[in-house]
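What follows is a set of notes on a single structure, which appears directly below.
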Number of protein chains: 2
Amino acid sequence: MVDEKKVNQVVEARNGFELPLLLFAGFRSIIDALHRDLAEHGHPETRPAYGFALQAVGPDGAAISEIGRRLGVSKQAAGKTVDKLETLGYVERAPDPADGRRTLIRLTPHGVDLLTRSAEGFDRLRAEWARTLGEDRLNALERDLRTMAPGGAFRLDAAGWFTG
Amino acid sequence: MVDEKKVNQVVEARNGFELPLLLFAGFRSIIDALHRDLAEHGHPETRPAYGFALQAVGPDGAAISEIGRRLGVSKQAAGKTVDKLETLGYVERAPDPADGRRTLIRLTPHGVDLLTRSAEGFDRLRAEWARTLGEDRLNALERDLRTMAPGGAFRLDAAGWFTG
DNA sequence: TAGGATCGACAACATGGTTGACGAAAAAAA
DNA sequence: TTTTTTTCGTCAACCATGTTGTCGATCCTA
């Protein structure tokens, strides 16, 4: 009879490359599930990158340069992203009465709806993970990831990172 | 005195969006650490996407169309990627004696070196995680991720997925 | 052996990033 | 208060990486 525990240890020891792929696969499965849900509820054109961009706009609005800083891209690239989000109806431009140079970018009701539904969707997906794994295991998983990637959970500069 | 366990539950319950960000942050921290190491050992120009592409080539070589299928992109896009990898000295083209239509893409010694160092680097990084979290916790983390993202660990079509 | 499928290349185009330059406006210094 | 410096948003040019359509050459098969 095979000692499965030992087999697992051997397999895991020679496959260090599996860990990053598993982390990415978990991220991807959540994002894909969320966007399937969003597509069925009024947001069929939304891409993962748009969600990050809308988070960078935030509930109070932000200047284009500020959005660029939060996303880790140039203000020119942020301007193109805002153009796209504006075309899709997620944000609107407004002059900043306090600063004539600035254009204030604000969420439209459609944009607020996207963020609201996303938050609900993420909560629902986390609840699914908790149902399958158990709340304790999921808490431990999150705690371990906070330990190994401190501060990483609140960075928004994800879009162009992979291809560089 | 504050019941930290309860506080954690409340905080985690209202922050379902943190789970995907933590997964991505973990993936990213590993990939970034690996590429810092690679940059210091003869591979300063390597991007994460190139590693995926070289994995798609594999130790036995592959045709361009096959690489495209493995990466989940068109054969034309795969051809451009191969051009890039060839310029950087990671692969070489050779005619396929068994099929006049095919161009066989093979790893050069430089490409083999990148994959070898990557495998070693991933093993080393996994050992770091095991040292910090404990082997048991890390095994549990990997097992849980295999449960929640079955089959996801062996997909190579990651490059263009995010921006779509 | 004729017809259809596949391979890799070429061209044209879309998207989303970069840098450099610029006028307008605000902030800081003189 | 005037001058200088910084910041904001936009325009233009360019680069990287993906797409679709087309094509000749080659292979497979009915």
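Letters A, B, ... are given to chains in the order of the sequence lines, protein chains preceding strands, and every chain is numbered from 1.
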### Task
Go through the steps to decide whether A:Val73 and A:Asp157 satisfy the test side-chain contact (heavy atoms from CB on, under 4.5 Å), and finish with yes or no.
CA-CA 8 Å; A:Val73 300; A:Asp157 56 334; over 6 Å; no

Spacing between [X] atom [atom1] and [N] atom [atom2], to the nearest angstrom:
| X | N | atom1 | atom2 | value |
| --- | --- | --- | --- | --- |
| A:Asp83 | C:dA14 | CG | P | 16 Å |
| A:Glu66 | D:dT6 | CD | C1' | 16 Å |
| A:Phe52 | C:dG16 | CZ | P | 15 Å |
| A:Asp96 | C:dA26 | CG | C1' | 12 Å |
| B:Ile64 | D:dT26 | CD1 | C1' | 15 Å |
| A:Arg47 | D:dT17 | CZ | P | 18 Å |
| A:Leu71 | C:dT18 | CG | C1' | 15 Å |
| A:Phe162 | D:dG18 | CZ | P | 10 Å |

Indicate whether OP1 or OP2 belonging to [N] is found under 4.0 Å from a side-chain N or O atom of [X].
| X | N | result |
| --- | --- | --- |
| A:Arg93 | D:dT10 | yes |
| B:Ser74 | D:dT19 | yes |
| A:Thr81 | C:dT15 | no |
| A:Arg69 | D:dC8 | yes |

### Task
Assign each of A:Tyr50 and A:Lys75 to its nearest nucleotide of DNA chain C by heavy atoms, then name whichever residue's nucleotide is nearer the 5' end.
A:Tyr50

### Task
Could you check A:Gly160 against A:Ala98 and say which one's nearest nucleotide on DNA chain C is further toward the 5' end?
A:Gly160

### Query
Of the options B:Arg143, B:Arg146, B:Arg126, which is the one that meets A:Glu18 in a salt bridge (Lys or Arg N to Asp or Glu O under 4.0 Å)?
B:Arg146

### Side chain B:Thr132, main chain B:Trp129, donor-acceptor under 3.5 Å
no

### Task
Examine the base of C:dG16 for any acceptor or donor lying under 3.5 Å from a partner atom in the side chain of A:Lys84, and report the outcome as yes or no.
no

### Message
For C:dG16, does the base pair up with any side-chain atom of A:Gln76 as donor and acceptor (N or O, under 3.5 Å, distance only)?
### Response
no

### Message
Quick check: on DNA chain D, is the nucleotide nearest B:Ala159 upstream (toward 5') of the one nearest B:Arg101, or the reverse? Name the residue that is more 5'.
### Response
B:Ala159

### Message
Between B:His43 and B:Tyr90, do the side chains contain a donor N or O and an acceptor N or O under 3.5 Å apart?
### Response
yes

### Task
Name the orientation class of the two ring planes belonging to A:Phe24 and B:Phe52 (parallel below 30°, tilted from 30 to 60°, perpendicular beyond 60°).
perpendicular

### Message
What's B:Ala49 touching, base or sugar-phosphate or nothing? Going by heavy atoms closer than 4.0 Å.
### Response
nothing

### Task
For B:Gly79, answer base if it contacts any base atom (sugar-phosphate contacts may also be present), sugar-phosphate if it contacts only those atoms, and nothing otherwise; contact means non-hydrogen atoms under 4.0 Å.
nothing

### Task
Tell me which nucleotide among D:dC8, C:dA9, C:dG17 gets nearest to the side chain of A:Lys80.
C:dG17

